[in-house]
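Step one of this worksheet: look at the structure below.
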Amino acid sequence: MLDDGLGLLCALGAAVLAAAAARRRDAVAMAAGFGAAALWLPPEPGFTGAAVAVVAGAVLVRPGRVRLVGAAAAGLLAGTWTHVLAAHGFARWSAWLLAAGVVAVSAAAARRSPRFAPRAIREEALAVLAVGALIVAAAPAVAAGWSAAEAMNLRAGDVNRSAVHPVVLAVLGAVVALGGAHALRRRQ
């Protein structure tokens with residue numbers, strides 16, 4: 001489950017941050033980040049989620065000042081995504097092609113046409129990315145606590161049943177409802 005969340009975060013983050021940093025000189029930072037993550041950095045959901053939340057927030061608040069950081073983060077996320085794809089059975093070369101392709105297409109399309117990723121869409125995508133990153137950052141601790149609580153509550157002969165707690169569903173429903181209300185308010 002953690003690998004799936006990390007993979008979604010990496011894919012979304014790579015595409016969003018590449019579209020936000022679509023200048024030609026940012027391509028060097030994206031390539032360096034991709035190479036560093038694909039070759040040397042192992043995927044770690046807690047650290048990656050926290051770092052992406054910080055970068056997404058910084059790009060959202062100060063887009064011009066941290067554009068190069070956002071570009072490097074796009075490459076780092078794409079490189080991290082290659083590890084997740086390889087863990088899911090992709091050949092290493094196909095994972096590299098897919099992850100690099102997402103970043104390249106996103107950056108090229110944003111540079112070519114401003115209609116590809118208008119500012120309002122990028123800002124909303126960065127906000128969603130920051131929230132998703134915080135969820136991924138908290139997931140390892142929550143999963144460990146959940147497992148410990150389940151283990152403490154089992155009696156002899158009980159079957160280990162894992163269910164989503166109603167509070168988690170309520171919080172996710174509230175986030176979706178608030179996002180929908182925000183989108184409707186912005187249209188008016």
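As the structure is a prediction and not an experimental result, all values here were calculated from the model.
- Taking L8 as the reference, nothing meets the side chain to side chain contact (heavy atoms under 4.5 Å, CB included) condition, with sequence neighbours excluded.
- Judged as a side-chain hydrogen bond (donor to acceptor under 3.5 Å, both in side chains), not a single pair has a partner in residues 42-62 (not counting sequence neighbours).
- For the side chain to side chain contact (heavy atoms under 4.5 Å, CB included) test, residues two or more places apart in sequence or in another chain that qualify with A72 are A29.
- The side-chain heavy atoms of L17 and L129, taken from C-beta on, include a pair separated by under 4.5 Å.
- The ring pair (Phe, Tyr, Trp, His ring centres under 6.0 Å) contacts involving residues 46-93 comprise nothing, where partners must be two or more places apart or lie in separate chains.
- Annotation for A95 and A86: closest pair CB-N, 4.4 Å, computed over non-hydrogen atoms.
- Side chain of S106 to main chain of V103: no donor-acceptor pair is present (N/O by atom type, distance under 3.5 Å, no hydrogens or angles).
- In this structure, the side chain to side chain contact (heavy atoms under 4.5 Å, CB included) partners of L76, at least two apart in sequence or on a different chain, are A36, A37, L41.
- Distance check, rounded to the nearest 0.5 Å: CZ of R111 to OG of S113 gives 12.5 Å.
- Linking ILVMFWY residues whenever their side-chain heavy atoms come closer than 4.5 Å, directly or via other members, places V84 and L98 in the same cluster.
- Under the rule for a side chain to side chain contact (heavy atoms under 4.5 Å, CB included), the partners of A53 that lie at least two apart in sequence or sit in another chain are A133, L134.
- Listed by first and then second residue, the side-chain hydrogen bond (donor to acceptor under 3.5 Å, both in side chains) pairs that reach into residues 120-139 are R119-E123, sequence neighbours excluded.
- Apart from F34 itself, the hydrophobic cluster it occupies contains L39, W40, W96, where clustering links Ile, Leu, Val, Met, Phe, Trp and Tyr at side-chain heavy-atom distances under 4.5 Å.
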